[in-house]
Amino acid sequence: MTNVSSSSIVNLAKRVAAALPVVVAALVWTAGGLAAAETVPATAGSGSALFAEHCSSCHGAAGEGFRSLYPPLARSRILADEPEVLPCIIRYGLRGEIVVDGRVFNQVMPGNSLLSAGEIARIISHMQALWGDENRAIEVETWLEDCK
Amino acid sequence: MSRPILNNLRYKTMLKLSHLSPCRGVCLPLALLFSLVLFGCDNRGVDDFPVLGEVTRDFSFVNQDNEVVTPVVFQDKVYVTDFFFTTCPSICPIMTRQMTRVYEAVKDEPGVLLLSHTIDPEHDTVEVLKNYADGLGIETAKWHMVTGPQDEIFAMAKHYMLAAMKYEEAPGGYLHSGSFVLVDRERQIRGYYDGTDSEAVDRLIEDLALFREP
């Protein structure tokens, strides 16, 4: 019995030892997966991906803006007070003096004429979730009708 | 058969090493290696940078303060130059951010200047460039943003071996290089750096420290 039992223990130990690399690999894979989840690029076409592609090079990845050249989006009152003007700004651009977060900006923002209404909606939704009110209704197609 | 011999050799080698003082056997090679790593880079001089081209072409542009800018402005100066336009929706905002880092690094260095050319002079008039420079909060004497005839600007880009051209399908209507070019006091091109890559611009800032010394 003792012999059987010790051979079982040896076998078990061998199995554990054999399985160890797999377990370690699984842990590494899981940890890698968790780490990757934080850095994985946003799904193509998602609000965050569209923001990264069309907005962040000027306004910054965190919407922080840049000097008195590119206004911040993170503290823009437009998100809270008048999001209905955003689709026209995103599609057709903006020129002239504006005040954002108490500072004056006066540059030309180029329009993004190739963005669809759906894409604009996803960008606005992304910005609202980060810096505004994510429960706010977004009616891009209606708002686009009022562009001047 | 070979394994015992090898093991024997290793053993003998270990024995021999053990007779040496640690600094002769281990520390000395390590110290040499560390010296190479630590001081090899610091010993870099401007002679280690090959001459990649010479700026022989004359130019006359106008900067954001409506001043004429010619090669005379850069006489006995090291300068960094690039090509951009103010309404560029793609790489220019990133280039501008990076060039602003260079500006901050050299703004108190009288021997270094920056020169940015607009490739869209039709839109980027002196007033527009002035407004753009004001938005950045930069000093004209340090960072010249120039405009002029578009064919002259394109020719100058080509002279620096950079691409700049109209291209309807590109965002903003132009295709252009995002490189920053380092030009020394003798008007020789000594480096190209990706102006959209902060690590490349880190290197540019380090290299400028070498070139700015008389």
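In what follows, chains carry the letters A, B, and so on, assigned in the order in which the sequence lines appear, proteins first and then strands, with residues in each chain numbered from 1.
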Quiz prompt | Residues B:Asp120 and B:Thr118: side-chain donor-acceptor under 3.5 angstrom | solution =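 Absent: no donor and acceptor within the cut-off.
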Practice problem: Say whether B:Thr140 and B:Asn63, considering side chains only, have a donor N or O and an acceptor N or O under 3.5 Å apart. | Solution: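 Not at all, the side chains of B:Thr140 and B:Asn63 share no donor-acceptor pair under 3.5 Å.
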Exercise. Report the relative orientation of the aromatic rings in B:Trp143 and B:Tyr103; use parallel for angles under 30°, tilted for 30 to 60°, perpendicular for over 60°.
Key: tilted
Practice problem: Fit a plane to each ring of B:Phe74 and B:Phe59, take the angle between them on a 0 to 90° scale, and name the class: parallel (under 30°), tilted (30 to 60°) or perpendicular (over 60°). | Solution: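 Ring orientation, 0 to 90° scale: tilted.
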Exercise. Among B:Thr96, B:Thr100, B:Thr196, single out the residue with the greatest number of heavy-atom pairs under 4.5 Å to chain A.
Key: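 Top count of heavy-atom pairs under 4.5 Å with chain A: B:Thr100.
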Quiz prompt | For chain B, the option from A:Cys58, A:Gly111, A:Ser113 that forms the most heavy-atom pairs under 4.5 Å | solution = A:Cys58
Quiz item: Between A:Phe105 and chain B, which part of the residue has a heavy atom less than 4.5 Å away: side chain, backbone, both or neither?
Solution: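 The answer is neither part of A:Phe105.
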Practice problem: Give, as side chain, backbone, both or neither, the part of A:Arg95 having an atom under 4.5 angstrom from any heavy atom of chain B. | Solution: side chain
